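First the structure, in the form of structure tokens, and then the observations on it.
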2 protein chains.
Amino acid sequence: MALYVQKYGGTSVGTVERIEMVADKVKSFHDAGHQVVVAVSAMSGETNRLIGLANSISDNPSPREMDVLVSTGEQVTIALLAMALEERGVSARSYTGWQVGIKTDSSFMKARIEDIDTTSMRNQLDAGGIVIVAGFQGIDDDNNITTLGRGGSDTTGVALAAALGADECQIYTDVDGVYTTDPRVVPAARRMEQVTFEEMLEMASLGSKVLQIRSVEFAGKYKVPLRVLSSFKEGNGTLITMEENGSVENPVISGIAFNRDEAKVTVKGVPDIPGVASRILVPISDANIEVDMIVQNVSDDGTTDFTFTVHRNDYSKAMAILKETAKELKARQVIGTDDICKVSMVGVGMRSHAGVASKMFKTLADENINILVITTSEIKISVVIAEKYLELAVRSLHTAFGLDAEEETQVSA
Amino acid sequence: MALYVQKYGGTSVGTVERIEMVADKVKSFHDAGHQVVVAVSAMSGETNRLIGLANSISDNPSPREMDVLVSTGEQVTIALLAMALEERGVSARSYTGWQVGIKTDSSFMKARIEDIDTTSMRNQLDAGGIVIVAGFQGIDDDNNITTLGRGGSDTTGVALAAALGADECQIYTDVDGVYTTDPRVVPAARRMEQVTFEEMLEMASLGSKVLQIRSVEFAGKYKVPLRVLSSFKEGNGTLITMEENGSVENPVISGIAFNRDEAKVTVKGVPDIPGVASRILVPISDANIEVDMIVQNVSDDGTTDFTFTVHRNDYSKAMAILKETAKELKARQVIGTDDICKVSMVGVGMRSHAGVASKMFKTLADENINILVITTSEIKISVVIAEKYLELAVRSLHTAFGLDAEEETQVSA
């Protein structure tokens with residue numbers, strides 16, 4: 001007997017029919033003798049409908065009341081799923097965030113879980129029943145309803161698994177696992193049997209948005225084995241683990257992430273003196289522009305070039321701010337472009353293998369793809385290239401690093 | 001400064017625009033220096049939508065989960081109304097049933113309020129803010145969400161007013177008060193400035209369904225002055241009070257209620273011995289058929305006739321049961337008809353005035369309307385007549401008892 005926490009997202013519970021499919025799946029685990037705690041999202045579209053109502057009343061609705069409003073979405077789902085399970089003869093009981101005792105801080109719309117009281121869940125599990133918890137929500141110390149922010153149901157699932165010491169936290173979604181890269185770009189992309197938390201973190205932040213990043217951090221911190229699976233297809237999904245896969249046969253690179261939404265800006269010829277980086281970035285940050293990659297190269301003539309990337313939507317704003325900053329700093333020039341993309345190779349195996357970078361750069365060079373910016377971390381190498389080369393770059397790298405799935409045998413008539 | 005509890009029903013908060021109208025109205029009371037606690041229903045249609053979801057999953061959904069589900073309707077409204085008030089610069093805070101501490105028993109879908117903790121409401125009112133409470137819901141001792149049953153938001157409003165010792169509980173609805181009878185039947189029907197609780201109870205149970213009957217009982221029990229007003233029109237509505245209106249000028253009759261949904265059944269020639277009434281009614285009650293009027297007249301030849309009315313939908317079932325009972329009791333005959341209606345005159349003034357009944361019967365006789373059954377209570381006389389005479393009877397009585405509104409002066413061009 002194992003204890004599973006299963007999380008089903010909005011698409012998986014988007015209609016009554018799908019809620020019934022979820023009930024069948026949950027029941028199958030229960031029938032097999034396991035204990036099951038289920039965390040669910042709002043039915044897809046419901047949260048947006050509620051936000052639409054709020055926005056038609058106020059451009060800037062009270063965050064406290066937003067949480068009262070949107071938390072109803074998950075409450076509807078837990079009730080319907082509990083009914084569907086009871087209809088199937090399985091004892092099930094729904095719990096809102098406050099009923100199950102998910103204590104958070106008071107940051108409405110982006111609260112963080114502080115504590116979970118497992119008493120009522122344990123009692124229900126011990127009585128042979130299924131526990132159904134509203135994802136995404138909790139209460140603060142003053143009994144205000146809080147929500148964890150978009151995608152927070154993943155975090156609820158992981159937090160419940162951690163609090164209960166579950167054997168596995170299963171995140172059911174509309175994809176059947178984590179892929180080596182986006183299959184829409186690389187048809188040969190392969191589902192990974194497993195991936196480490198660190199790799200997953202690098203992948204998530206780079207755009208392979210299968211899981212909410214906070215839930216992965218949480219799972220890593222509390223050592224909760226996490227599995228991503230499809231709600232609609234059978235299969236093992238992808239297991240996200242603490243351990244590196246020990247086998248020497250394993251690829252150095254686990255996956256290739258990419259992001260089209262970036263723009264690159266460079267301040268050229270800034271005096272190479274302490275404090276320059278912050279003088280450039282503080283006005284950017286004050287304007288609420290998020291910065292992704294940051295690169296500064298060695299100086300030659302007492303000046304240096306400072307480059308960073310921002311979301312493409314913030315490109316013009318960033319350029320305007322930088323032109324002011326450049327004047328103050330007496331920098332030579334501000335240049336930028338928004339027809340770029342970022343490609344990142346991720347793998348814990350990279351740590352112990354030299355030559356990944358050179359092989360990456362050579363592969364790109366063989367395709368005549370010019371590299372504009374390079375940054376690296378222990379388990380990641382990212383490059384900025386012209387956007388038009390994105391597909392070519394990802395496919396070439398996917399093949400060069402041995403990530404392609406074996407082709408299925410074609411049987412001709 | 002007064003403390004008002006205002007209740008707005010589903011139609012009054014049916015759209016975002018209407019919620020904004022309610023916010024304007026609440027704000028006007030707050031601006032005038034009053035303290036305001038608002039209880040709201042779900043937006044019209046929402047409760048039915050949620051019940052529809054449940055019914056598509058189960059013919060007999062878990063009552064506990066039904067309450068988890070449908071209680072989200074009011075939660076949406078409280079958040080939106082609080083936002084609309086905050087948008088108008090008024091401090092407002094929403095409370096679900098559990099947040100405000102509305103304790104009920106554990107009868108899901110038809111719970112009764114046992115206690116209300118006024119601490120958080122008092123704090124908010126003392127801080128100059130408006131309190132917005134989800135109607136229709138509470139929690140039981142085990143922290144389960146409960147609902148009070150359809151129309152329960154009225155009861156919430158009255159219970160809040162009682163707990164807070166409010167100066168008045170104002171029930172906003174889509175009619176502008178309680179009328180002497182249904183204006184669709186009698187165009188000359190007049191809005192009553194005030195009516196007593198007892199009269200209102202008799203009117204409500206007879207079909208003038210402006211207020212949920214339990215809320216009227218509650219208001220009477222806790223001596224909460226209750227006022228019914230229109231959400232959409234200005235006006236004083238109708239005040240429902242403890243005291244009879246002392247003025248001698250007042251009409252003996254306050255209003256005329258009627259009901260078309262009845263059928264009449266009679267067991268003729270039953271032995272006039274003790275226990276017969278219960279032997280007739282127990283099988284009816286066991287079949288979940290509700291009985292309204294019951295009449296048994298004096299016996300002459302050692303047998304008597306026993307008549308009662310049931311809802312028209314239960315007519316055939318009641319007749320079938322009675323035929324069995326009649327055999328056992330060796331009764332002579334079972335007869336019945338479902339083309340009848342009930343007309344009731346209600347008024348506390350009736351107590352001290354003789355002659356109301358005779359005037360009523362004479363008025364009907366003058367119109368050649370035959371009376372089939374008569375029952376009376378201290379403040380009510382009801383008659384059963386053929387359904388086709390309903391309008392004629394109600395209009396004649398309305399005029400005869402001086403209830404008609406004065407005709408407005410017609411100005412011709």
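Keep in mind that what you see is a predicted model, and the values were worked out from it rather than measured. Below, chains carry the letters A, B, ... as their sequence lines are ordered, and counting in each starts from 1.
One side chain, A/Ser41 or A/Ser153, offers a donor N or O that lies under 3.5 Å from an acceptor on the other.
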Requested in this report: Under the side chain to side chain contact (heavy atoms under 4.5 Å, CB included) rule, what do B/Met121 and B/Ile116 come out as? Steps first, then yes or no, please.
Outcome: CA-CA 10 Å; B/Met121 288 190 285; B/Ile116 296 181; 3.9 Å; yes

Query raised in the report: Under the side chain to side chain contact (heavy atoms under 4.5 Å, CB included) criterion, do B/Leu85 and B/His30 qualify, and how do the steps go?
Result: CA-CA 11 Å; B/Leu85 281 161; B/His30 185 259; over 6 Å; no

Query raised in the report: Could you go step by step and tell me if B/Ile51 and B/Met66 meet the side chain to side chain contact (heavy atoms under 4.5 Å, CB included) rule?
Result: CA-CA 8 Å; B/Ile51 292 173; B/Met66 277 305 280; 3.9 Å; yes

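A salt bridge between A/Asp31 and A/Lys27 is present, with a side-chain N of the basic residue lying under 4.0 Å from a carboxylate O of the acidic one.
Both the backbone and the side chain of A/Ile145 come within less than 4.5 Å of a heavy atom in chain B. For A/Ala92, the part sitting under 4.5 Å from any heavy atom of chain B is the backbone (N, CA, C, O) and nothing else. Residue B/Gln75 touches chain A through both its backbone and its side chain, counting heavy-atom pairs closer than 4.5 Å. Heavy atoms closer than 4.5 Å to chain B are found in the side chain of A/Gln99, but not in its backbone. Proximity to chain B (any heavy atom under 4.5 Å) is restricted, for A/Thr96, to the side chain, taken from C-beta onward.
With respect to chain B, the highest number of heavy-atom pairs below 4.5 Å among A/Glu20, A/Arg64, A/Glu17 belongs to A/Arg64. With chain B as partner, the option from A/Val70, A/Asp67, A/Leu53 having the largest number of non-hydrogen pairs under 4.5 angstrom is A/Leu53. The candidate with the highest count of non-hydrogen atom pairs below 4.5 Å against chain A, out of B/Gly73, B/Ser56, B/Ser120, is B/Ser56. Counting heavy-atom pairs under 4.5 Å between each of A/Ser94, A/Ala82, A/Pro61 and chain B puts A/Ser94 at the top. Note on B/Ile139, B/Val68, B/Asn60: by heavy-atom pairs under 4.5 Å with chain A, the leading option is B/Val68.
Across all non-hydrogen atoms, the minimal contact from A/Met83 to B/Ala54 is SD-CB, 3.6 Å. Contact record, A/Val158 with A/Leu226: CG2-CD1, 3.5 Å, taken as the closest heavy-atom pair.
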